[in-house]
2 protein chains.
Amino acid sequence: MNTQISQTEENYLKAIFRLSLSQNKAVSTNSIAEKLNTKASSVTDMIKKLSDKKWVDYVKYQGVFLTLAGKKIAIRILRKHRLWEVFLVKHLDFTWDEVHEVAEQLEHVKSEKLTQQLDAYLEYPTHDPHGDPIPDEDGNIAHHKEIMLSAISCNEKCTIMGVKDSSVAFLKYLDSSGIQLGTLVEVVKKEAFDQSMHILFEGKKRNISQQISKNLFVKKHRL
Amino acid sequence: MNTQISQTEENYLKAIFRLSLSQNKAVSTNSIAEKLNTKASSVTDMIKKLSDKKWVDYVKYQGVFLTLAGKKIAIRILRKHRLWEVFLVKHLDFTWDEVHEVAEQLEHVKSEKLTQQLDAYLEYPTHDPHGDPIPDEDGNIAHHKEIMLSAISCNEKCTIMGVKDSSVAFLKYLDSSGIQLGTLVEVVKKEAFDQSMHILFEGKKRNISQQISKNLFVKKHRL
DNA sequence: ACTAATTTTTAGGGTTGTCTAAAAATTAAT
DNA sequence: ATTAATTTTTAGACAACCCTAAAAATTAGT
Ligand SMILES: [Mn+2]
Ligand SMILES: [Mn+2]
Ligand SMILES: [Mn+2]
Ligand SMILES: [Mn+2]
């Protein structure tokens, strides 16, 4: 029997985990296929393998749930991914839109010591460059229950805590707008017509579409 | 056509390069198989692929030579391997017998920026933890023409510059003996019978077998 | 409830990289 | 120069992933 896990299997487990976070239902074949840029038929094949290995619970036509073992693996990969992202930004001068692609490879390097030492070296960061929480060694994740900027009312103030969409395009847009993690934002006005928002930050005024405001996690300021 | 290089292909090219350094002949199928812990038939298969891609010159039954393109790739991998080894020792508290296995994985991460920045971050190291030279960005390697400790005569002094065998077993043996890179060694006596050597370093005396002395690169001290 | 649309699975194949066993070529030994 | 030993290649197969096209199951629409 093959006891070693492959990179592909790791990517599948991670994808399933991330998809299962945003819902309580079984993760569908199609959603996995879309996330991994592959075909549904390939996903079905792989799901069977993951099921044989007891990493997912699978009922035909009903999608999958991660088992405890599967979840543990997924979280370990996610932890490595995010630690590497921190490393790249903090020490190797990468920008937040450059790290994902490289972390996608680095996350598969197998060495317990490497992960631990990297974590220590980075001084146990809690969040990655996109504001996503980094699981600790035991797999605990600070569940970010932050709200979206789009949910903030007029005249309220908040701080940008993370991005939902971490595509290169979105991150570059934010850079060009001067919006980063930690930026203090005040909602000045909301257009009823298209839900776009006038915001004020660092003295600058800007109008942002709902597509933007729906992809920014914020922390409300207490009154 | 498949333009992307696989990890396996990279490992083959690196192996062929390292084997070609110690000789001027074509690299044999069997030697590659041995180095990569695989079977000769698998090597023949892969050699054909590498040959199709113009990374090796291959004549049936005559072994292979790297082409210029193949050599470039091999050197790039070697560079990454050794840079990562330096990183692991310098920043993540790895010992020199632990780094190889992890670097074997890290060397395959694809990102020009990563390599460059890592190099800069490490302050452009010239040698890895085993004393092996690190190719620069243009692929130039400081050809270490050091001699073996076994070739040093009685009463001569030298400095340990590198290890030829970098197996965990050998490195651990050196650790337990207190021998490291930079250690100053004087040859006190050589046994004619088994070529073992009595050496003196850091006040300690030791007898080392030829197997040891033949695997240590040294730099002779000028008189 | 019954069709229609969508999702998921199966069937059949392709590629990469590996293996064992047998055949062919090369090299070494007499 | 033959024969024997060794090296290398071929033949045939298998595992991991991926694909397209067709079939089956589920879900949505009326
Ligand atoms: Mn990945
Ligand atoms: Mn991230
Ligand atoms: Mn490798
Ligand atoms: Mn090394």
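Basis for what follows: all heavy atoms, side chains included, without hydrogens, waters or symmetry-related copies. The sequence lines fix the lettering, A, B, ..., with proteins before strands; numbering per chain opens at 1.
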Problem - Side-chain N or O of Tyr12(A) closer than 4.0 Å to phosphate OP1/OP2 of dA16(D) - result: no

Practice task
Give me the ring orientation class for Phe87(B) and Trp84(B): parallel if the planes are under 30° apart, tilted from 30 to 60°, perpendicular past 60°.
Solution key: perpendicular

Practice task
Please state whether the phosphate of dC19(C), meaning OP1 or OP2, lies under 4.0 angstrom from any side-chain nitrogen or oxygen of Thr38(B).
Solution key: yes

Problem - Set of salt bridge (charged side-chain N to carboxylate O under 4.0 Å, His left out) partners for Lys90(B), sequence neighbours left out - result: Glu123(B)

Close N/O contacts between protein and nucleotides 8-11 of chain C (under 3.5 Å):
| from | atom 1 | to | atom 2 | distance (Å) |
| --- | --- | --- | --- | --- |
| dT8(C) | OP2 | Asn30(A) | N | 2.8 |
| dT8(C) | OP2 | Asn30(A) | ND2 | 3.4 |
| dT9(C) | OP1 | Tyr58(A) | OH | 2.1 |
| dT9(C) | OP1 | Tyr61(A) | N | 3.1 |
| dT9(C) | OP2 | Thr29(A) | OG1 | 2.9 |
| dT9(C) | OP2 | Thr44(A) | OG1 | 2.8 |
| dT9(C) | O5' | Tyr58(A) | OH | 3.4 |
| dT10(C) | OP1 | Lys60(A) | NZ | 2.5 |
| dT10(C) | OP2 | Lys48(A) | NZ | 2.6 |

Handout entry: Check: Lys25(A) main-chain N/O paired with Gln23(A) side-chain donor or acceptor under 3.5 Å
Key = yes

Practice task
Would you mind reading off the distance between Leu36(A) atom CG and dC19(D) atom C1', rounded to a whole angstrom?
Solution key: 15 Å

Completion exercise
Separation of dT15(C) atom C1' from Glu9(B) atom CD, nearest Å, is 12 Å

Problem - dC19(C) phosphate, OP1 or OP2, under 4.0 Å from Ser42(B) side-chain N/O - result: yes

Practice task
Measure the distance from CG on Leu19(A) to C1' on dT7(C) and round it to the nearest whole Å.
Solution key: 16 Å

Exercise for the section: Measure the NZ-CD1 distance between Lys14(B) and Ile75(B) for me, rounded to the nearest 0.5 Å. Expected result: 13.0 Å

Exercise for the section: Rounded off to whole Å, could you give me the CD-to-C1' distance for the Gln7(A) and dC18(D) pair? Expected result: 16 Å

Exercise for the section: May I ask you to verify if any side-chain N or O of Lys49(B) is less than 4.0 angstrom from the OP1 or OP2 atom of dT16(C)? Expected result: no

Exercise for the section: Flag the pair Glu137(B) and Arg76(B) as a salt bridge only when some basic side-chain nitrogen lies within less than 4.0 angstrom of an acidic carboxylate oxygen. Expected result: no

Exercise for the section: Please determine if Glu98(B) and Lys113(A) form a salt bridge, counting it only when a charged side-chain N lies under 4.0 Å from a carboxylate O. Expected result: yes

Practice task
Look at all strands and tell whether Thr8(A) reaches a base, only sugar-phosphate, or nothing, counting heavy atoms closer than 4.0 Å.
Solution key: sugar-phosphate

Practice task
Quick one: do Asn207(B) and Ser196(B) satisfy side chain to side chain donor-acceptor pair (under 3.5 Å)? Show the steps, please.
Solution key: CA-CA 7 Å; Asn207(B) 179 268; Ser196(B) 76; 3.3 Å; yes

Exercise for the section: Please state how far atom NZ in Lys39(B) lies from atom C1' in dA13(D), giving the value in whole angstrom units. Expected result: 15 Å

Problem - Met46(B) CE - dC19(C) C1' separation (whole Å) - result: 14 Å

Handout entry: Euclidean distance, atom CG of residue Asn11(A) to atom C1' of dA16(D) [Å, nearest integer]
Key = 14 Å

Exercise for the section: Could you state the atom-to-atom distance from CD1 of Ile32(A) to C1' of dC18(D) in whole Å? Expected result: 16 Å

